[in-house]
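Heavy-atom basis, side chains included; hydrogens, waters and symmetry copies ignored.
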Amino acid sequence: MEIAKKRTYIFAGVLLVFGLAAAIQPKAKAPVRSELWMEQNLPMTVGNYHMLPSSDNPMCSYRVNEATYQALNPYGIVARVFANDNYRFDTMVVAANDRISLHDPKDCFPGQDWVILWEKKIDLPTKSRGPVHAVALGLQNERGKRIALYTYRGPSGTFAVRNDMFWDWFVTEVKGSKPEGALMRVMTVDEETTLDELKTFASAWFDSTYQTSGEVF
């Protein structure tokens, strides 16, 4: 019990020191970006996959509802479905200057009537940014089964766990920078698509987003 108390006091002291440092540290302004910037700097093609444009906006496949924008308050959300002759994958990037805007998909999917069947952490190999630390979810609803992958893009890299991204964000603020970040999600569209097939596409997509966005995403 005494050891636990000491650890609590030490942790509280560390947070206090970081908090004071953050208060007196001059803050750099976050880059000014927008959803239009995202549309112009996220990939339209991934290997032999091409984005399927919507009839309303050729730069995205669909738009999420206004309630989502109001709830998350991001600076942009871009959803694109990529297809080739054999597969289709649904991608989404939610970007913000506030870490609170980057929600947990495990809370979001049940709200969209998806039941989470299983969950596992995975590392996706990429050519440009090293391993992407992600979470894979098995999902099911009345339309069938799907698989989703997601990661949090924080100031220092990718994180499978939201709280780990939060800490990275906090440390960056303490150092005097104003961070930005993103929730990045890839999802199967067809029930027959396997996890390995999703991982193969996702690795290529993460490479493409890193390159076209100038390493922002």
Side-chain angles (χ1 to χ4, degrees), residues 33-72 74-96 101-103 105 108-109 111-116 122 124-129 132 134-153 158 182-217:
R33 306 193 201 278
S34 65
E35 189 165 284
L36 177 60
W37 181 92
M38 293 172 65
E39 290 176 346
Q40 295 171 341
N41 288 275
L42 285 170
M44 300 284 283
T45 60
V46 177
N48 65 342
Y49 289 85
H50 295 270
M51 191 270 286
L52 303 179
S54 70
S55 57
D56 297 328
N57 182 356
M59 299 293 284
C60 68
S61 298
Y62 61 92
R63 179 179 171 85
V64 301
N65 58 44
E66 289 303 320
T68 300
Y69 280 91
Q70 293 174 10
L72 299 181
Y75 67 69
I77 303 176
V78 173
R80 288 177 174 166
V81 176
F82 290 88
N84 65 9
D85 292 336
N86 301 306
Y87 300 100
R88 293 180 297 167
F89 296 98
D90 184 330
T91 71
M92 182 177 291
V93 179
V94 181
S101 298
L102 307 180
H103 66 290
C108 180
F109 279 122
Q112 299 174 359
D113 297 325
W114 290 102
V115 176
I116 298 175
I122 59 174
L124 293 170
T126 65
K127 298 176 182 178
S128 57
R129 65 163 92 202
V132 169
V135 172
L137 298 176
L139 306 169
Q140 184 173 16
N141 68 8
E142 61 183 12
R143 298 191 299 276
K145 293 182 178 180
R146 302 290 186 269
I147 308 171
L149 288 173
Y150 68 88
T151 188
Y152 296 98
R153 171 62 167 152
T158 58
L183 171 69
M184 306 177 70
R185 188 268 292 155
V186 194
M187 187 173 176
T188 60
V189 175
D190 304 299
E191 191 167 25
E192 300 79 14
T193 307
T194 67
L195 176 59
D196 284 340
E197 290 166 338
L198 173 61
K199 288 164 63 176
T200 297
F201 171 81
S203 291
W205 180 69
F206 281 119
D207 265 324
S208 295
T209 59
Y210 194 69
Q211 293 162 359
T212 61
S213 70
E215 304 182 9
V216 173
F217 301 128

Keeping [X] on the side-chain end and [Y] on the backbone end, is there a donor-acceptor pair under 3.5 Å?
| X | Y | value |
| --- | --- | --- |
| Arg80 | Glu39 | yes |
| Asp90 | Val189 | no |
| Thr158 | Tyr152 | no |
| Thr151 | Met184 | no |
| Asp207 | Lys127 | yes |
| Arg185 | Val94 | no |

[X] to [Y] - nearest heavy-atom pair and separation:
| X | Y | value |
| --- | --- | --- |
| Ala83 | Arg88 | CB-CG, 3.7 Å |
| Ala95 | Pro74 | O-CB, 3.1 Å |
| Leu124 | Ile122 | CD2-CD1, 3.9 Å |
| Met187 | Phe109 | SD-CE2, 4.0 Å |
| Met51 | Cys60 | CE-N, 3.8 Å |
| Thr126 | Arg129 | OG1-CG, 3.0 Å |

Does the pair Phe89 and Val46 meet the rule for a side-chain contact (heavy atoms from CB on, under 4.5 Å), with working shown?
CA-CA 11 Å; Phe89 296 98; Val46 177; over 6 Å; no

Decide side-chain contact (heavy atoms from CB on, under 4.5 Å) for Val64 and Met92; before the verdict, give the C-alpha distance in whole Å, the side-chain angles of both, and the deciding distance to 0.1 Å.
CA-CA 10 Å; Val64 301; Met92 182 177 291; 3.6 Å; yes

Are His103 and Leu183 close enough, and set up right, to give a side-chain contact (heavy atoms from CB on, under 4.5 Å), and what steps lead you there?
CA-CA 7 Å; His103 66 290; Leu183 171 69; 3.2 Å; yes

Any side-chain heavy atom of Val78 sitting closer than 4.5 Å to one from Phe217?
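Val78 vs Phe217: side chains apart.
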
side-chain contact (heavy atoms from CB on, under 4.5 Å) between Thr209 and Arg153, worked out:
CA-CA 11 Å; Thr209 59; Arg153 171 62 167 152; over 6 Å; no

Using distance only, find each side-chain donor-acceptor pair of residues 193-203 under 3.5 Å and give its atom names and separation, not counting sequence neighbours.
{"residue": "Thr193", "atom": "OG1", "partner": "Asp190", "partner atom": "O", "Å": "3.4"}
{"residue": "Thr194", "atom": "OG1", "partner": "Glu197", "partner atom": "N", "Å": "3.2"}
{"residue": "Thr194", "atom": "OG1", "partner": "Glu197", "partner atom": "OE1", "Å": "3.3"}
{"residue": "Glu197", "atom": "OE1", "partner": "Thr194", "partner atom": "N", "Å": "2.9"}
{"residue": "Glu197", "atom": "OE2", "partner": "Tyr87", "partner atom": "OH", "Å": "2.7"}
{"residue": "Thr200", "atom": "OG1", "partner": "Asp196", "partner atom": "O", "Å": "3.0"}
{"residue": "Ser203", "atom": "OG", "partner": "Pro125", "partner atom": "O", "Å": "3.0"}
{"residue": "Ser203", "atom": "OG", "partner": "Lys199", "partner atom": "O", "Å": "3.1"}

Once salt bridge (Lys or Arg N to Asp or Glu O under 4.0 Å) is applied, what residue pairs with a partner in residues 49-65 remain, sequence neighbours excluded?
Glu35-Arg63, Arg63-Glu66

